[in-house]
Amino acid sequence: MADLTTKEIQENLDILWLLIGAYLVFFMQCGFALLEAGSVRAKNTKNILLKNVLDACLGAFIWWFMGFPIALGDSSGKFAGGKDFFMMDLTKELTNNPTYFATWMFQWAFAATAATIVSGAVAERCKFVAYLVYTTALTAFIYPVVVHWAWSSEGWLSAWVSEDEKPFLKANGFMDFAGSGVVHMTGGAAALMGSIFLGPRTGRFTPAGSVVDMPGHSTVLAALGTFILWFGWYGFNPVSTLAFEYMGDAARVAVTTTLAAATGGCTTLAIHVALKNPPDVFPALNGILAGLVSITGPCPVVEPWAAAFIGFVGGFVYYGSSTLLKKLQIDDPLDAAPVHFFCGIWGVLSVGLFAEKSYTKSVYGKDEDSYGAFMGGGGKQLGNQIIGVLAIIGWVCFTCSIVFGSLKALKLLRVSAEDEEVGLDSSHHGGDAYNFEAGRGKTVS
Amino acid sequence: MADLTTKEIQENLDILWLLIGAYLVFFMQCGFALLEAGSVRAKNTKNILLKNVLDACLGAFIWWFMGFPIALGDSSGKFAGGKDFFMMDLTKELTNNPTYFATWMFQWAFAATAATIVSGAVAERCKFVAYLVYTTALTAFIYPVVVHWAWSSEGWLSAWVSEDEKPFLKANGFMDFAGSGVVHMTGGAAALMGSIFLGPRTGRFTPAGSVVDMPGHSTVLAALGTFILWFGWYGFNPVSTLAFEYMGDAARVAVTTTLAAATGGCTTLAIHVALKNPPDVFPALNGILAGLVSITGPCPVVEPWAAAFIGFVGGFVYYGSSTLLKKLQIDDPLDAAPVHFFCGIWGVLSVGLFAEKSYTKSVYGKDEDSYGAFMGGGGKQLGNQIIGVLAIIGWVCFTCSIVFGSLKALKLLRVSAEDEEVGLDSSHHGGDAYNFEAGRGKTVS
Amino acid sequence: DRDIQDLCKVLSGLTAADATITGSSDNQFLLSSAYLVFFMQAGFAMLCAGSVRSKNTKNILIKNVLDACVGAIAFFIFGFGFAYGTKEGKSTNEFIGNWNFGLQDFTDWAGFLFQWAFSAAAATIVSGSVAERTAFQAYLGYSFFLTAFVYPVVVHWVWDGNGWLTAFKDNDKLFDCGMYDFAGSGVVHMTGGVAGLMGAMIVGPRTGRFGPDGRVVAMPGHNASLVVLGTFILWVGWYGFNPGSQLAIIGSEAVVARTAVSTTLSAAAGGVTAMAINYGLYHVWDLIAVCNGVLAGLVGITAGCSVTEPWTAIVCGFISAWVIHGAGKLLLKLKIDDPLEAAPMHGACGAFGVFWVGLMAKKEYVAEVYSGAEKCAGVFYGGDGSLLGAQVVGVICIFLWVGGLLGLFFLALKKMNMLRTSPEEEQLGLDESKHGGSAYNMELVAPMPTEM
């Protein structure tokens, strides 16, 4: 056994930390798959499962040859990166860079998450070809550009510029630690555009405008999926510290993440019950996710009590925006836009409101006087957060309308009414997801 | 707490690394259980679940008193080890050897994997007693011997001999990093023998020779199982570096594993669709596993692009061998042999074709001039790989034919036709796996 | 003094950077363990969901989800303070902690997260015992009460350095040993199990569970796949629960690795034994019983995993499978209906696990893990019985504390008619009557049953 120096040990620990994070975030794919499967009708189960499986597979492929190079490949561009396509420049060298590989893994899992969010919003009526097109566009270009803006050392929104530079946006740049904005708003905005262009599922809204309930087919799958997502979020948020030396921050991040998830779940369920509904499971599950999405951006810079409050407000944001979308007759079967888009916005803004001075300094540390407005830090940081929100919304909505608009114009976007009625599994995927023998495995009357 | 030296810290981190790997690989048992459950008919669910649970339980018991000592207990035998039965020699000592315990955990999880592969191939018709016999034989003797050959410091195939020795096979010995051959081919060969001796499920092939489709009862469970397997594979491959100091290799291994899984899944789905089938979920799932099995052997010694290519070919190997088995009227309900046996062979051989010189040197490093044939390393290493493949096939097929042959002769192998028709859950396991209340929770016609 | 410490570090080859690495590694280990233990919530949810009838699926799922959510808030505001709260200079006591409410003056974030995950596990155990018939408000009440007060007090007794039962103080230990409950066979599982037992007794059996002639009517769970999924997730999570309870990896790697092996062997032996018992008695290869056997083995070894030899873990698992089998039978004799067998599994096997330490703790390991004296070994390993005495006192006190408080709590709810749902609602299923519809909505066109 070779004896390592302290520095080498530390480097290896950094890699280990990133890999653990990557594995956990990858496992979220499993969580999304189950949550989405449980939330759609049984006749469309295979369709949505396949999309989730492919978001990991196709996603890795695309991320390898194009996504990652654009997101984090070195360049001197403020808009997009561009190096190491196909990992080529790397593998030419004899000594490889393990940090590159570990970062690639971690970022791949994030990219798959962003892509997967969309499939929930367009579920039960989107053509499979359309899925292939939009997921490619998202993973290869739209999402990587946002990552480059906010997380590379060169992007125009980035808070992570090199030590002797100032962020382009002044103050501490755009602070979005683990991606309330970068990942969730991006995915959520794409999801919103998708569901607008597709139109509602047949029969979702009556001519009079009231909503017809179309419950998912398995609460168990949804609950399992949510638990797995929560579990995976402990890779998403704490491991976004990226280096082992910040383990103290990571532990605090884990606590803020937990508290926001908990208050999000309780709040949403409480709102639901207060509005004279029975205590159903889905609001609690979506509330948990709302809390998690909300805390993803501010997780390392807020106090535990603020995290609980952010989750609390996140519950309201989710519930309100979900109601709003129904009012607007926009049909989002998974509530992907309310959870990821609206709570993502709230998460980004909450950084500008609740960021604690000492934490902001230790995590970002570019401008000491710029932190949460409610904590006495003035409006500078909040301004940056608003600029970031607007920029991401503008970019994603613009590019996605081109993608979904052209798909619609080419009649490639939506399945026929008959296929939708029969279910996508029978019409497109070779049969039902479930095959219980007659008279066995179930006692149906 | 005592102050530790850097070296001690490093040793402790080795243990941590092994344990994380063991937990992840153990979780694959859960993945296998769900994948197999979802892929059989509902009336045999409990049967296959029980086998998977027992592969972990009975497996641990056997691995403790016999399997591990034969696999990796010190000896001077090239054929099999033999020390520390029942962990006795260890626990006599005052100071325990933590490395022993951690390695035992990691290897136990591998052994359970090898055993579990078989249950898929013999599903829906194998007697429970036969299962107990073959799983005991496999975990106690057949598999440990292969491990000793390839992974102990003494085995005749091993590439891991002590530093001043040369491998018995010359060149770099038989290079099978995480077990495309040792684990998957062994399990797959046993699975193939099992399904040949058992014969096909009643009604699987018409007298005219065409195949009757017998779809699994739940795509959701299969997808969940596959995701868990993929997740667990990040213990299987990267942690097979075994020591903390090789964390850089581990990161690269994680990337090659990911790319092979991704291309395997996409390729198999593409083949399936190209052959005029609808885009079903099962081919994508099995393709992912085919890619993972293929990359398990070569993962640390190939470039990322080669990993993608190995996964790509793995997809063809899986699809072709699955079709071949159906032609030969060999009924393997889970496609365990195509996935684990044939792709396992491909994985082992691909090391001899694609191993990169610099990686081979840093990982194995016995003979600098011996690496992948396509990379300019000549045929020496490929020759070793072929010897390894033939040896494992010979050993496993020989011993398994004795096991399954004698079970068949004693009429202990196959359940009666009536029991098969009714389903094993009702006939052997005290009732169905699913009990939905009549008229509730579903609207069936 | 500081200089001397620094000098010692230099002499032992330890630099400040090494100390940082040690701290960060331990923190990372604890965090990862906490994640695994949290993941057990998913395991419990699946196990519980699969083990109840499909008409009550949503009801039990939401309880499991809320145990994590309400539990986090309750443990954040009250629980952690009662369990471990201390303030510099403020007087402490042996019975209950009294500071750090809402995590004020507190920075051991990883420690909090780990303890929260444990508290959620304790609360979740109860929902299995009272499944399919308990009112939702009653659940919210006992869950909060347990996580905020009853469980933290037990934690304080046994695991806090000031507790009266603890082994983690320098002197005044009970019988000079204190109670050895490494990861909580007693603190977590018995607490949950006894609370479950009280609930099951006071709520009464599910309608139709016992026939007029006293016969037990089988009420099988609706989904065996979920039971297996839950069991596997729990088993994986237990690798956070047990090895993680060492709280550090650097310098503790021997304990951690040994604990993982013991945990594995006990689970395995529990499963194999349960298979043999059920095949021997009923000629059925019983999947659910094997899963319960695995969990019984895990609960049994939880207290002793770090201080017993690996081979004894197999005996521990073997006995645990008999304990759950026997206790389950006993409850049915007494007409106590525990749908998940949570009281036999967590209560009885938990008590057995604590007791087992008093028999089998090895003196070298005791010294390693608890700095315990030689006499504090198990009676089979040369101990003088002091440890066994402490273990028995611990079991009795936990039983009385939890049983007494939760008994009163459930009785009070019963008096107020808030404990149990109406027979009609129970018949219809709680999902339809209370939670807005069934958990499953399958509109698949299935072939008509050919035989009924």
Side-chain angles (χ1 to χ4, degrees), chain A residues 1-6 8-9 11-13 15-16 18-20 22-23 26-27 29-30 33-34 37 45-46 49-50 52-54 56-61 64 86-87 91 94 96 98-99 101-102 104-105 108 128 218 221 224 428-431 433-437 440-445, chain B residues 6-7 9-10 13 17 20 24 41-43 45 215-220 223-224 226-228 230-231 234 238 243-245 247-252 254-255 258-259 261-263 265-266 269 277-281 284-285 288 303-305 308 358 423 432-439 442 444:
Chain A
M1 189 178 85
D3 288 344
L4 302 179
T5 64
T6 305
E8 284 167 335
I9 288 185
E11 284 166 0
N12 282 355
L13 285 168
I15 308 289
L16 171 66
L18 276 175
L19 287 179
I20 291 176
Y23 304 163
F26 164 69
F27 199 39
Q29 282 296 307
C30 182
L34 297 178
T45 309
K46 268 166 118 170
L49 285 174
L50 186 58
N52 277 281
V53 171
L54 283 179
C57 290
L58 204 59
F61 193 67
W64 168 59
F86 293 94
M87 292 190 185
T91 47
L94 253 177
N96 278 281
T99 311
F101 288 124
W104 186 90
M105 285 291 296
W108 156 65
F128 199 71
S218 171
L221 294 180
L224 176 59
H428 286 71
H429 299 283
Y434 299 96
N435 299 285
F436 288 97
E437 282 90 5
R440 308 240 134 257
K442 52 166 69 167
T443 50
V444 275
S445 66
Chain B
T6 308
K7 192 170 149 58
I9 290 179
Q10 191 186 338
L13 290 170
W17 182 232
I20 291 175
L24 283 171
R41 289 169 292 176
K43 63 183 176 184
T45 308
H217 80 280
S218 171
T219 318
V220 176
L224 172 58
T226 306
F227 269 121
I228 292 178
W230 188 343
F231 179 63
Y234 290 126
F244 185 73
E245 58 182 301
M247 194 56 71
D249 290 318
R252 195 177 62 246
V255 172
T258 304
L259 287 174
T263 48
C266 292
L269 186 65
N277 297 297
D280 205 341
V281 184
L285 301 179
I288 290 171
E303 295 278 9
W305 67 261
S358 57
D432 278 331
Y434 298 97
N435 301 285
F436 289 97
E437 279 89 9
K442 52 174 61 175
V444 274

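Note on naming: letters A, B, ... go to the chains in the order of the sequence lines (proteins, then strands), and numbering restarts at 1 for each one.
- Summarising the geometry, atom CG belonging to A:Asn12 is positioned 8.5 Å from atom CD belonging to B:Glu245; distances are rounded to the nearest 0.5 Å.
- Only the side chain of A:Leu54 has a heavy atom closer than 4.5 Å to any heavy atom of chain B.
- Comparing A:Thr5, A:Leu224, A:Leu13, A:Leu58 by heavy-atom pairs within less than 4.5 Å of chain B, the highest count is held by A:Leu13.
- Side-chain contact check for A:Tyr23 versus B:Pro238: some heavy-atom pair is nearer than 4.5 Å.
- Of the listed residues (A:Trp104, A:Phe61, A:Trp108), the one with the most heavy-atom contacts under 4.5 Å to chain B is A:Trp108.
- The closest donor-acceptor contact from the side chain of A:His429 to the backbone of B:Pro279 lies under 3.5 Å.
- Of all the listed residues (A:Gly431, A:Ala60, A:Cys30), the one sharing the greatest number of non-hydrogen pairs under 4.5 Å with chain B is A:Cys30.
- Using cut-offs of 30° and 60° on the angle between ring planes, the pair A:Phe26 and B:Phe227 is tilted.
- Rounded to the nearest 0.5 Å, atoms CZ (B:Phe244) and CD1 (A:Ile15) are 9.5 Å apart.
- Only the side chain of B:Thr263 has a heavy atom closer than 4.5 Å to any heavy atom of chain A.
- Heavy atoms only, all atoms of each residue included: A:Trp64 and B:Pro304 are closest at NE1-CB, 4.1 Å.
- The most heavy-atom pairs under 4.5 Å with chain B, out of A:Leu34, A:Thr99, A:Asn52, A:Leu16, come from A:Leu16.
- Taking CH2 of B:Trp230 as the reference point, atom CD of A:Gln29 lies at 8.0 Å (rounded to 0.5 Å).
- In terms of heavy-atom pairs under 4.5 Å with chain A, the best-connected choice from B:Ala254, B:Gly216, B:Ala223, B:Gly265 is B:Ala254.
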Between A:Lys46 and B:Asp280, is the side chain to side chain contact (heavy atoms under 4.5 Å, CB included) condition met? List the steps. CA-CA 8 Å; A:Lys46 268 166 118 170; B:Asp280 205 341; 2.7 Å; yes

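- For A:Leu19, the part sitting under 4.5 Å from any heavy atom of chain B is the side chain, from C-beta outward, and nothing else.
- Atom CD1 of residue B:Ile20 and atom CD1 of residue A:Ile20 lie 4.0 Å apart, to the nearest 0.5 angstrom.
- Highest contact tally toward chain A, considering only B:Leu24, B:Ile288, B:Thr226, B:Val281, is held by B:Val281 [criterion: heavy-atom pairs under 4.5 Å].
- Contacts of A:Ala102 with chain B are made by both backbone and side-chain atoms, with heavy-atom separations under 4.5 Å.
- Minimum interatomic distance between A:Pro98 and B:Gly248 (heavy atoms only, all atoms of both residues): CB-CA, 3.4 Å.
- One finds the CE atom of B:Met247 at 12.5 Å from the CD atom of A:Glu11 (value rounded to the nearest 0.5 Å).
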Go through the steps to decide whether B:Val220 and A:Thr45 satisfy the test side chain to side chain contact (heavy atoms under 4.5 Å, CB included), and finish with yes or no. CA-CA 8 Å; B:Val220 176; A:Thr45 309; 3.4 Å; yes

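- Taken to the nearest 0.5 Å, the CG atom of B:Leu269 stands 5.5 Å off from the CG atom of A:Leu50.
- A heavy-atom distance below 4.5 Å is not found between the side chains of A:Asn435 and B:Arg41.
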